[in-house]
Asker: 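Let me begin by handing over the structure; questions about it come next.
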2 protein chains.
Amino acid sequence: MNELVSQASERLRSQGGRMTSQRRLLLSILDSLGEHPTAEELLLIARKQDPDLNLSTVYRTLRWLEAENLVSTRLFAEGRRQERFDAALPSEHHHFICTRCKNVIEFDTDLLDEIKTQFQDSSGASVDTGSIELYGLCPDCRQRSIVQETGMEVG
Amino acid sequence: MNELVSQASERLRSQGGRMTSQRRLLLSILDSLGEHPTAEELLLIARKQDPDLNLSTVYRTLRWLEAENLVSTRLFAEGRRQERFDAALPSEHHHFICTRCKNVIEFDTDLLDEIKTQFQDSSGASVDTGSIELYGLCPDCRQRSIVQETGMEVG
DNA sequence: ATAATTATTGCAAATGATTTGCAATAAGGG
DNA sequence: CCCTTATTGCAAATCATTTGCAATAATTAT
């Protein structure tokens, strides 16, 4: 049994909730998927195993996970207003979004802490969390765009 | 005539567009407003001067400004999926969002450049833009929450 | 095990934010 | 001042997500 499923089971038990087959399926997909699916994408994947699964169930499960802090929700500026769900556990991590192919690369930095401190000190606010989004061309798209524009390979 | 209005007029001229009273009104509000209004909020403000102004016009104007890079669009994670429009010109700036009162404070940092470089070097991607969002309690709400929980004033 | 209790599901209809088609209106050039 | 056509207002459409409700299925007590 994977991390998310057992975490969730525990919480469900403690609050009189029930571990259903739908939840187990969604959780195991979320846990193993190295991506940030939308609710719809998650549904499509899950339906390969449970064709009757409903989109409302997907949303309800994701919202519950969100409330339990087991997934976080992001609205990358993709022109779309669709939410993406990130099952990565508490560790703070950030996202690079390729403006060409929309792929997301996660990254880490310890500089955010400095930024938090900087802002706290200058403003008097208290900062809990923060996130960074970078936009640009991923290595592949960058390569392609250089080849296209110059006919040359990247070194 | 303010900055945004003249910038926009120029662009309109060069592309055969027309400067209408509706656009002029919206632009002047956006230019002077030190906030990040939603389309609806902007409409409400604008209707004080032009009660017949329509929400579609507001959206169409904002989308055009967005395409011209004269405003940027943000989806702060407020539980709401409503867009907020930021007329601040190109200079990169970031946002702190108070999780209690939802107020937004803008801030600046030169550390983002380091983060960009860090990521570019380690990934091979090329980064154009980036934005940071911090969440926490603004000075006022922080003060109130401390008073409420301890009965004590903040030093 | 079995039945009773009630959390959860699937479906359909509702909601909230934004977009679009279209006929009427109004900028701006001639 | 007229003409062309970009832009507007309105209503209806769309997209993403949420909600009400009767049917179903996990758990709990029997």
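First the proteins, then the strands, lettered A, B, ... as listed; each starts at 1.
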Asker: Which residues within residues 43-53 of chain A lie with some heavy atom under 4.0 Å of an atom in DNA chain C?
Answerer: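 Heavy-atom contacts with DNA chain C come from A:Asp52, A:Leu53.
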
Asker: C:dA27 P sits how many Å from B:Leu25 CG, rounded?
Answerer: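 Going from B:Leu25 (CG) to C:dA27 (P), I get 13 Å.
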
Asker: Hey, what else clusters with B:Leu111 if you join Ile, Leu, Val, Met, Phe, Trp, Tyr whenever side-chain heavy atoms sit under 4.5 Å?
Answerer: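 When side chains under 4.5 Å apart are linked, the cluster holding B:Leu111 also contains A:Phe96, A:Ile105, A:Phe107, A:Leu111, A:Leu112, A:Ile115, A:Phe119, A:Val127, A:Ile132, A:Leu134, B:Phe96, B:Ile105, B:Phe107, B:Leu112, B:Ile115, B:Phe119, B:Val127, B:Ile132, B:Leu134.
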
Asker: Would you tell me if any nitrogen or oxygen in the side chain of B:Thr20 comes within less than 4.0 Å of OP1 or OP2 on D:dT8?
Answerer: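 Affirmative; the distance criterion is met.
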
Asker: Write down the protein N/O and nucleotide N/O pairs, taken from nucleotides 4-6 of chain D, whose separation is under 3.5 Å; answer none if there are no such pairs.
Answerer:
from, atom 1, to, atom 2, distance (Å)
D:dT5, O2, B:Arg18, NH1, 3.0
D:dT5, O2, B:Arg18, NH2, 3.3
D:dA6, O4', B:Arg18, NE, 3.3

Asker: Please determine if a side-chain N or O atom of A:Gln22 lies less than 4.0 Å away from the OP1 or OP2 oxygen of C:dG10.
Answerer: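 Answer is yes, contact under 4.0 Å.
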
Asker: In whole angstroms, how far is the P atom of D:dT17 from the CG atom of A:Leu42?
Answerer: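 In whole Å, D:dT17 P and A:Leu42 CG are 12 Å from each other.
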
Asker: Choose from C:dC22, D:dT17, D:dG20 the nucleotide whose nearest atom is closest to any side-chain atom of A:Arg60.
Answerer: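 The answer is D:dG20, which lies nearest to the side chain.
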
Asker: B:His36 vs B:His95 aromatic rings, parallel, tilted or perpendicular, using cut-offs 30° and 60°?
Answerer: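 Aromatic pair B:His36/B:His95 classed perpendicular.
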
Asker: Would you call B:Glu41-B:Arg84 a salt bridge at under 4.0 Å N-O?
Answerer: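 Between B:Arg84 and B:Glu41 there is a salt bridge, with a charged N closer than 4.0 Å to a carboxylate O.
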
Asker: Starting at atom CD of A:Glu40, determine the distance to atom P of D:dT17, rounded to an integer number of angstrom.
Answerer: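 Interatomic distance, CD of A:Glu40 to P of D:dT17: 9 Å.
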
Asker: From CE of A:Met19 over to P of C:dT6, roughly how many Å is that when rounded to an integer?
Answerer: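 Taking CE of A:Met19 and P of C:dT6, I get 21 Å after rounding.
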
Asker: Quick check on the hydrophobic clustering: are A:Met19 and A:Leu25 connected, directly or via other members, by side-chain heavy-atom contacts under 4.5 Å?
Answerer: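 Yes, it is one cluster - the side chains of A:Met19 and A:Leu25 are joined through contacts under 4.5 Å.
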
Asker: Can you tell me how far P of C:dT15 sits from CD of B:Gln82, to the nearest Å?
Answerer: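 To the nearest whole Å, that distance equals 17 Å.
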
Asker: Could you tell me how far apart B:Gln15 (CD) and C:dG28 (P) are, to the nearest whole angstrom?
Answerer: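 Roughly 13 Å, once rounded to whole Å.
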
Asker: Which nucleotide in the set C:dG10, C:dG28, D:dT8 lies at the smallest distance from any side-chain heavy atom of A:Thr57?
Answerer: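 So the side chain of A:Thr57 is nearest to C:dG10.
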
Asker: With a 3.5 Å cut-off and no angle check, do the side chains of A:Thr109 and B:Gln118 form a donor-acceptor pair?
Answerer: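 Distance-only check passes for A:Thr109 and B:Gln118.
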
Asker: State which of C:dA12, C:dA17, D:dT17 makes the closest approach to the side chain of A:Ser56.
Answerer: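 Looking only at heavy atoms from C-beta outward on A:Ser56, the closest nucleotide is C:dA12.
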
Asker: Of all the heavy-atom pairs spanning B:Leu43 and B:Asn54, show the shortest one and how long it is.
Answerer: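 What the structure gives for the nearest pair is CD1-C, 3.9 Å.
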
Asker: Could you give the CG-to-C1' distance, from B:Leu55 to D:dA13, as a whole number of Å?
Answerer: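 That distance rounds to 15 Å.
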
Asker: How would you list, by chain and number, every residue that makes a salt bridge (charged side-chain N to carboxylate O under 4.0 Å, His left out) with A:Glu66, sequence neighbours excluded?
Answerer: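 Here the qualifying residues are A:Arg63.
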
Asker: Sequence neighbours left out, what pairs pass salt bridge (Lys or Arg N to Asp or Glu O under 4.0 Å) with at least one residue falling in residues 10-24 of chain B?
Answerer: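 Pairs touching residues 10-24 of chain B that pass the test: B:Arg11-B:Glu68.
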
Asker: Pick the closest DNA chain C nucleotide for B:Arg63 and for B:Arg24 by heavy atoms, then say which residue is nearer the 5' end.
Answerer: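 Result: B:Arg63.
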
Asker: Mind calculating the distance between CG (A:Asn54) and P (D:dC21) to the nearest angstrom?
Answerer: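 Going from CG in A:Asn54 over to P in D:dC21 covers 18 Å.
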
Asker: Who pairs with B:Glu40 by salt bridge (charged side-chain N to carboxylate O under 4.0 Å, His left out), at least two apart in sequence or on another chain?
Answerer: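 Counting only residues at least two positions away or on another chain, B:Glu40 forms no salt bridge (charged side-chain N to carboxylate O under 4.0 Å, His left out).
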
